[in-house]
Amino acid sequence: MSAVATGSVAWSRRRLAFDRFWRDFRQHRGGMVGLLALVVAVVLALVAPLFIDDSVTSVVSGTSDDFAPPSLAAPFGTDESGRSVLLMVWWGSRTSLLIGFLAALLSIVIGMVVGIAAGHFRGWLGATLMRITDWFLVLPSLITAMVLAAILGGSTFTIIVAIGVTTWATTARLIRAQTLAVEARPYIERSKALGGGHWHITTRHVLPNVAPLLLASTTLEVASAIVTESTLAFLGVSANKTSWGTMLRASYDFGAATAGAWWYIIIPGLCILAVVMAFTLCGRALEAVLNPRLRKAG
Amino acid sequence: MALLELDDVSVTYRIAAGEVPAVRGVSLTLDAGTALGVAGESGSGKSTLAMALLRLLPRDARVGGRILLDGDDVLAMKWGRLRAVRWAEASIVFQGAQHGLNPVQRIGDQIAEPLLVHGLAKPDSARGRVAELLEQVGLPAWRARSYPHELSGGQRQRIMIAMALACSPRLIIADEPTTALDVMVQAQVLTLIKELLAERGISLIMISHDLSVLADVCDRLAVMYAGRVVEHGPSREVFHDPKHPYSAALAAAFPTVGDPVSRLAPKGLGGDPPDPMDLPPGCSFHPRCPVALDECPTLDVKLWPAGPERRAACVHVRPEQAEPAETTLEVS
Amino acid sequence: QEPAAGKKVLRVGATQAVDSMNPFLAVRLVSTSIHRWMYGFLTVPDSKTLQPSPDLAESWTSSDDGLTWTFKIRQAKWSDGQPITADDAAWTLNKIMTDDAAKTANGPAVENYESVTANGQDLVIKLKAPQASILENPIPIMPKHVWEKVTDLANYEADTYPTVSSGPYIAVEHKKDQYVKLQANPNYWRGKPKIDELQVIFYDNPQAAIAGLKKGDIDLIGRLAPPEFQAIQNDPNIVAWNNQGRRAAYLEVNPGATTTDNKPVGDGHPALKDVKVRQALHYAIDKQKLVDEVQSGLAKPADGSIVPPMYKDFFWEATGDTKVTYDPAKANKILDDAGYKKGADGVRTMPDGKKKLEFRFTIHADTPIEDKLGEYLTGFFKEIGVTLTTVKLDSSKFSEETGVTGNYDIAISGWSVNPDPEEVLATHLCSRRPTPKGEGGGTESFYCDPTFEKLYQEQLKELDRTKRADLIKQMQERLYTEAPIIAIYYTNDLEGYRKDRITSITSIPEENGLLYGGSGYWPFYTVDTVAAPAGGSASGGGSNTGLILGVVGGVVVLGLVAFLVTRRRKSAADERE
Amino acid sequence: MLEARDLHVEFPSRGRAARAVDGVDLAIGEGEIVALVGESGCGKTTLARTLLGLERPTSGSVLYGGTALEYGSKALKAYRREVQLVLQDPMGSLNPRQTVYEAVAEGPRIHGLAGEQEIVASALSRAGLRPPERFFLRYPHELSGGQRQRVVIAGALALEPKVLIADEPVASLDASVRGEILALLLRLRDELGLSALVVTHDLGLAWNIADRVAVMYLGRIVESGPVEQVLTAPRHPYTQALLSVLPESPERVVLTGEPPDPTRIPGGCRFHARCQVLASGRAAEAGVDGRCRTEPLSVLPAVPTAQAACHYAAVTD
Amino acid sequence: MTAPLEAAEPAAVQAAAGPGDERPTHRGTLQYALSKAGGALFSIAMVIIGTFFVFRLLPGDPVRNLAQGRNMTPTQLALERHRLGLDKPMLDQFVDFVGKTLRFDLGTSYEYKRPVLDLIGERLGPTLLLAGVGLVIAVSLGLWQGTRAGWRHNSRFDRVSTGVSLVLWSVPTFWLGLLLLMVFGVGIGPIPGIFPTRGIESVDAPDGFAYVLDVASHMVLPCLTLVAVVYAQYLLVMRSSLLEEVSQDYVTVARAKGLRDDEVRRRHAVPNALLPTVTLVFMRIGFVVGGAVTVETIYSWPGLGQLFYEAIRVPDFTLMQGTFMLITVAVILMNTLADVVYRMLDPRVRSA
Ligand SMILES: Nc1ncnc2c1ncn2[C@@H]1O[C@H](COP(=O)(O)OP(=O)(O)OP(=O)(O)O)[C@@H](O)[C@H]1O
Ligand SMILES: Nc1ncnc2c1ncn2[C@@H]1O[C@H](COP(=O)(O)OP(=O)(O)OP(=O)(O)O)[C@@H](O)[C@H]1O
Ligand SMILES: [Mg+2]
Ligand SMILES: [Mg+2]
């Protein structure tokens with residue numbers, strides 16, 4: 001009975017938890033809309049290589065007229081080199097989302113480790129980590145990211161690092177507060193009394209309890225990373241492959257606005273807006289569902 | 001004349017999962033100058049009932065029935081009238097006084113606030129009144145300048161009482177005024193309440209899950225279970241000779257030190273408290289009842305008379321029941 | 001204040017802010033342009049031929065050995081009434097020669113000066129070596145009586161207004177990063193300009209600048225990018241100025257970078273040392289297509305070298321056999337013949353079969369147009385079995401790699417050429433290569449060719465303009481055939497001005513020339529505008545309506561908000577408890 | 001079995017030392033239930049936590065089976081198989097994200113016990129949750145307060161401890177359920193021979209289940225002894241006051257003065273500032289008032305017989 | 001923009017409210033301020049040290065970087081290197097750097113040939129004006145809407161204002177700026193371009209009150225952009241913190257006292273809910289500055305942001321370094337101020 005049953009116990013528990021979560025999440029209309037948009041965006045980005053490739057961003061292959069208004073051939077018009085804005089946006093979503101996800105991941109991982117450690121270990125280690133976090137927290141993140149990107153050169157990798165390194169402090173702070181809250185709960189005391197060590201307590205109790213928050217915070221973090229990337233691209237410190245930000249930069253450089261090529265400005269911008277909104281809505285819904293403190297406030 | 005009359009009051013919370021009938025048809029009367037205790041376990045609807053008295057429930061609660069304060073139906077009042085009634089005629093001391101005080105306002109200002117709102121004092125005369133009130137609850141006047149966090153739990157609870165007394169209301173509703181207080185402090189607060197009752201002829205509704213405390217302070221007792229009053233009567237009698245098995249269990253939960261019967265023999269009630277959204281049919285107490293009869297799951301229990309000025313909602317006190325109402329109840 | 005009725009004002013938009021009003025320090029085009037309008041130079045390019053013509057120097061003579069030059073300074077006055085003397089010029093030049101701070105902007109121009117002395121109105125310059133280009137001295141002559149009081153030139157902002165000037169305009173106001181206001185100089189020796197006031201207004205955002213031109217916030221804007229130009233092309237109120245420009249765009253092909261002691265440096269591809277490969281690359285480039293696609297047709301394919309056709313005297317154009325036309329077949333043949341065999345993947349390898357012909361194309365990170373260029377070149381080179389990958393570097397790294405460390409194969413470059421091309425030619429001299437210690441001398445190609453060196457030395461000495469032009473053309477031909485650089489196109493000068501505001505303006509050169517950013521002050525000396533009408537003004541119109549409407553709009557919005565708030569409050573007061 | 005010897009625990013607090021436990025000798029015998037009572041802040045929880053090794057004593061030692069407790073992580077882990085904890089707030093002591101099964105299995109997992117599922121099932125049924133399988137997948141919030149506390153107890157039982165330390169185990173439970181949990185503790189003592197230290201402020205509870213009671217005031221045990229003796233004939237004025245505030249007691253002694261502050265422990269008898277015997281002058285009559293104010297009392301030894309740390313009681317007996 | 005919504009709570013708030021978080025002990029306010037100042041000094045020192053090393057990470061030769069490809073002879077380069085002290089060992093350079101920074105000598109901009117501090121001084125005013133006015137508007141708008149939205153939770157006002165703020169929050173600042181510039185600056189279709197699109201004042205700026213109007217009209221679009229992106233966080237934080245307060249007992253007590261709805265809100269709920277928001281206002285100064293960089297670039301606003309952008313674009317590393325340090329230090333000081341202000345506002349944290 002035991003092994004199988006234990007396995008199924010764990011499994012059904014997970015299912016149960018997920019069902020419960022899903023039931024709650026479905027109550028949030030905004031969250032559902034966001035999730036749907038998100039799934040669509042991510043799926044589109046993932047399947048893009050099945051339909052198109054890098055050549056859509058190649059100026060040589062851009063055959064239509066420059067700044068051609070939307071038409072059947074190019075539903076969202078063309079850019080300054082006659083490339084289809086639709087295809088560019090589609091392909092560019094891969095870079096934007098990738099940077100968003102990786103930067104958020106980096107930021108979250110640093111934030112999580114530092115946050116949990118700062119909350120769990122009292123004494124000098126926690127205090128030092130907290131000081132460092134506070135320091136990073138007050139650094140104006142966009143400015144710092146700009147400086148880092150400018151200094152390290154604006155490759156995809158550096159942009160990710162620049163965003164990740166400048167934004168983790170918020171997460172760390174949040175996680176630390178949550179860790180402290182969790183550690184103040186009697187069940188931590190109980191776990192200690194049962195003989196649990198640091199590792200046991202952080203991984204079995206603290207982590208599962210901060211994980212939902214981390215998830216919500218990751219979602220919000222991705223949203224802000226995408227915006228930051230586009231801002232960095234716009235300010236010219238990003239030398240990325242085609243992303244929504246670099247497209248907007250190009251639309252600015254090539255005077256799309258004065259040329260009346262509104263689609264070239266509107267479309268990538270709307271894409272950013274839509275995806276960021278989607279992440280934000282999702283993140284807020286997650287936060288509301290998963291964070292009991294906010295749950296009661298709705 | 002009855003100061004407060006509850007007539008078939010019911011409160012239902014609407015939540016996402018459905019409706020929660022927190023209070024189900026409670027009828028009670030309170031005479032001027034008397035104290036009524038409401039007991040019952042957690043979730044039995046005591047606080048909900050208290051809040052309903054002054055229409056302080058959140059918007060998702062639906063209140064039915066009539067609540068007559070001096071013959072005036074609270075539930076039908078206009079907002080203006082209701083605001084005038086609040087605090088000036090009936091004030092509340094809340095469960096968990098720690099949170100009932102605004103953390104960023106000075107104590108004095110908070111006590112004076114209802115006076116100013118109801119036009120009972122000018123700002124300068126209010127100060128004198130505040131000092132007076134503080135003295136009545138045994139605190140020095142300079143405490144008016146303190147912030148809530150600078151006081152201990154017992155002191156805060158006394159502040160709440162002083163605040164409730166500010167407008168000299170005729171009715172005070174005290175919702176678990178001593179829970180979460182230390183034994184010594186609890187004794188202090190109870191003593192204070194008893195003194196005030198004796199001196200001023202104020203009416204009191206006191207809510208607690210501690211039957212012994214209520215029996216000590218109140219004239220009459222109402223025991224609630226699953227949103228209903230299941231027993232009602234003079235407090236000493238209800239405490240020492242409960243007619244409803246639930247009251248009996250509650251009473252037995254507080255042993256008398258020195259009483260050899262309870263030595264090494266804790267008494268309690270088996271089973272789980274009912275889920276208000278999924279109440280058992282018939283007498284809602286029957287799944288936990290040690291003396292339940294076969295008919296209990298289907299029986300429509302009512303508050304039947306169970307002696308002079310006493311009523312109980314148990315099949316064992318049903319008037320047409322063959323067995324006498326005075327069945328002794330044994331609860332393990 | 002409204003411009004006084006009848007006042008003629010010209011508002012020029014600039015997408016660069018003035019870096020310094022101190023001509024010793026200023027290097028940005030906008031600043032040097034403004035200084036050209038404010039200060040006299042020894043000579044000024046002739047408005048027709050672009051040859052040096054008298055400005056503050058009325059006339060000049062040189063000794064036979066070409067080492068001593070005597071300039072006769074014109075009898076004229078500074079704007080404060082002081083006479084202009086050779087002393088002013090001597091002081092200015094000596095200052096640059098002796099003060100490190102003063103060297104910042106124009107240090108190289110006096111490098112070859114042995115001494116400068118003044119004698120009444122005579123200015124005597126002694127050179128270390130003959131230098132034909134001495135007449136094209138780029139240094140504004142400053143009023144000694146004002147500037148000699150300046151002690152710390154490096155930190156001197158020259159922000160006392162009105163300035164003491166000798167050119168057509170006097171600066172009267174400068175708001176940093178905002179605008180510079182200049183007024184006609186009544187003491188100008190040629191006579192007061194036709195307009196009263198010249199404003200240079202700074203836009204950080206080029207799009208806003210174009211919008212400003214369209215709206216009428218500014219009257220003229222120069223240095224447009226092709227898309228910006230296209231945006232104003234069809235505006236009925238705007239003259240879209242599209243003429244040959246002074247800029248040549250070219251590729252630097254690493255011919256085997258070396259330092260001044262001829263030691264190899266960097267990691268340039270060995271194949272590019274072979275002139276055959278470089279020539280083949282040249283044949284593989286469809287310059288017309290680049291002009292059409294990258295520059296939207298607003299450029300001229302380069303059939304010459306680095307001197308653009310605008311400078312007729314010095315421009316050299318390949319003809320006949322030397323002329324390289326787009327011919328991938330020929331390029332392929334050259335490579336085949338030279339032993340660069342195509343591999344299975346269609347990519348050629350070195351004759352020894354070891355290394356593939358895979359080149360990097362180094363461009364600037366923030367210049368999308370170069371990105372585009374790179375894509376086309378990649379396409380072209382693919383046709384001849386050469387792989388090209390684009391490397392983007394930020395500008396500092398770019399100049400480091402392409403000018404000092406030699407870590408590039410092919411790089412993009414370009415040069416805005418002055419009327420005298422000496423400086424741009426000099427960038428291909430052996431001496432410009434980096435020192436062994438890794439300090440750059442400003443080479444554009446790491447080129448070091450005895451023939452080229454010889455021609456350069458000859459033209460330096462040659463004072464006869466026609467003969468010198470011939471030498472310079474030979475140098476260009478050398479660059480063309482040896483192909484350490486491959487000129488791809490000469491970008492057009494794209495500008496726009498409002499025809500309802502500017503009634504006349506002469507470009508430099510007069511025929512197909514530049515308005516803004518050209519050498520000399522001609523366009524802005526000759527410009528004439530519509531005078532501000534009495535009462536309301538055309539010039540302030542845009543911003544004033546904006547102002548009024550803006551204020552009205554703001555008040556309305558605030559009022560609305562206030563109204564809503566109060567209304568809401570009333571309605572909410574008794575709505576609930 | 002479990003013994004505290006001259007235990008002192010101090011916390012730094014606002015630049016002073018809060019002497020939360022200030023010299024305690026206490027022993028819990030095999031199969032014995034000891035109740036520790038006292039008002040809020042007197043150091044009950046701190047003492048309980050120190051006994052479990054969750055807090056390190058500033059001085060003194062905790063002895064288990066006669067050997068002093070070591071604070072290495074290995075030793076502590078082994079110790080905690082034998083001595084277990086039940087906390088006041090059953091909701092808080094269960095991780096809301098763990099099922100009942102996991103909560104109970106946590107101990108066996110930490111200690112790497114085999115046959116986890118059987119252990120969990122038997123612990124649950126011993127704690128009165130039957131049939132255990134029905135509860136495996138429940139989350140704490142799906143249980144009633146009494147059930148939660150049973151799960152917590154089951155979690156402790158899963159390690160088959162010898163001693164159970166229960167800090168206010170029923171304080172947050174409904175009056176009606178309270179008796180059930182207490183009955184469970186009694187039954188476990190009978191069935192498993194479990195010893196227990198029950199921390200409480202409720203004298204009725206001590207009366208209900210304890211064999212011995214220790215009354216704590218301001219970090220020190222001021223009276224201890226068999227329940228019948230101490231609670232029916234209290235000798236220390238503090239115990240008398242505590243008993244007097246019970247609702248049914250005839251006359252009420254409400255202590256005045258500030259609540260005890262462990263950063264400022266008064267000299268002499270630590271209770272003297274609030275002592276009703278001293279205030280009423282009875283101590284003076286007995287001629288001990290001077291000693292009450294100045295002469296500190298010695299720590300009560302860990303013996304099972306009734307004793308009180310009081311100058312007045314000492315002379316009047 | 002960059003920081004996750006509502007994620008960071010001010011340190012002080014958590015200290016006061018967070019469960020398990022250690023409360024600041026009751027020391028004197030002065031002592032508290034001093035310790036905060038000490039913390040700020042430490043942070044500033046870290047900024048200075050960090051800046052030094054980060055800017056030494058620059059690939060390549062710093063002098064070359066400074067020259068940006070302009071032709072310099074080897075002697076000029078050597079001279080320049082000596083002038084910048086780059087020929088000294090790292091440690092000396094560091095000591096030099098720290099010494100100079102402490103003397104407010106931020107070096108000389110290569111691009112402008114002027115002391116960085118002077119350049120910053122010139123640009124400070126416009127930035128303070130823009131960011132200050134923007135902040136005031138954003139804060140008032142955000143707090144006002146947040147209060148209304150939170151008080152009437154789930155009402156239409158709540159849903160609309162929260163939705164709008166979320167949308168604006170998700171919009172990249174520069175994009176919104178460009179759109180506003182096109183719509184209200186240049187004009188599209190029937191909308192006339194009524195607002196100036198560049199700078200802080202007209203070239204022929206009038207005097208007196210008209211000048212104020214002129215500047216105000218120049219501020220409309222930049223301010224609008226800045227406010228649009230910034231106010232959402234104030235709204236959301238105010239809203240959620242009010243929601244939290246609404247469910248507190250003292251609010252019910254206030255209602256039981258017979259207070260009118262708006263009195264309960266104004267006297268009790270809002271003052272409490274304001275506390276975390278007040279700190280947030282200061283905490284997010286860095287965020288506002290970040291927004292200002294983009295806004296100033298788009299509207300040619302002659303402020304610090306534009307200077308910084310310029311420095312990055314050139315790139316002028318001395319200028320970048322100086323601007324970065326100044327902005328960062330300013331933000332740190334603001335945060336310190338926030339902590340102190342919070343302590344003075346909240347009696348729970350303030351010493352007894
Ligand atoms: N705002 C609410 N929304 C929905 N249900 C509620 C709400 N407030 C109370 N309830 C439910 O109503 C029932 C009665 O609650 P109430 O607070 O009146 O109980 P109580 O007798 O005061 O309990 P306690 O002794 O714990 O204070 C409970 O089941 C509770 O879950
Ligand atoms: N970690 C700690 N740091 C500082 N002081 C502490 C700590 N833990 C407890 N104290 C102090 O020690 C004293 C005793 O606390 P303890 O929790 O042991 O009391 P208690 O008797 O359990 O009270 P209660 O009945 O309220 O639970 C208190 O004054 C408390 O403030
Ligand atoms: Mg209640
Ligand atoms: Mg305790």
Ring centers of Y217(D), H236(D) separated by less than 6.0 Å
no
R187(D), CZ atom: more than 12 neighbouring heavy atoms under 6.0 Å:
yes
So, does H141(D) use its side chain to make a donor-acceptor pair with the main chain of P96(D) at under 3.5 Å?
no
Against chain B, label S40(D) side chain, backbone, both or neither, depending on which of its atoms sit under 4.5 Å from a heavy atom there.
both
Find the one option among A215(B), A253(B), A251(B), S262(B) whose heavy-atom pairs under 4.5 Å with chain D are most numerous.
S262(B)
Where does L246(D) contact chain B at under 4.5 Å (heavy atoms): side chain, backbone, both or neither?
side chain
Which one wins on heavy-atom pair count under 4.5 Å against chain B: A206(D), A210(D), G128(D), A171(D)?
A210(D)
Quick one: do the H201(D) and E168(D) side chains pair a donor with an acceptor below 3.5 Å?
yes
Are Q240(D) and R235(D) linked by a side-chain donor-acceptor pair shorter than 3.5 Å?
no
Go through the atoms of L185(D) and report whether side chain, backbone, both or neither lie under 4.5 Å from a heavy atom of chain B.
neither
Give the member of P273(B), A265(B), G258(B) that has the highest number of heavy-atom pairs under 4.5 Å with chain D.
G258(B)
T99(D) (side chain) donor-acceptor with L137(D) (main chain) under 3.5 angstrom:
no
Looking only at atom types and distance, does a side-chain atom of K46(B) sit under 3.5 Å from a main-chain N or O of G40(B), one as donor and one as acceptor?
yes
Of all of G154(B), P260(B), S212(B), which one pairs up most often with chain D through heavy atoms under 4.5 Å apart?
S212(B)
Under 4.5 Å to a heavy atom of chain B? For L231(D) that would be both
Looking only at L143(D), T232(D), V227(D), L243(D), the option with the highest number of non-hydrogen pairs under 4.5 Å against chain B is V227(D)
Checking heavy atoms, do the side chain of A241(D), its backbone, both or neither come under 4.5 Å from chain B?
both
Which atoms of D174(D) come close to chain B, meaning under 4.5 Å heavy atom to heavy atom: side chain ones, backbone ones, both, or neither?
side chain
I need the S280(D) OG to L278(D) CG distance, nearest 0.5 Å.
8.0 Å
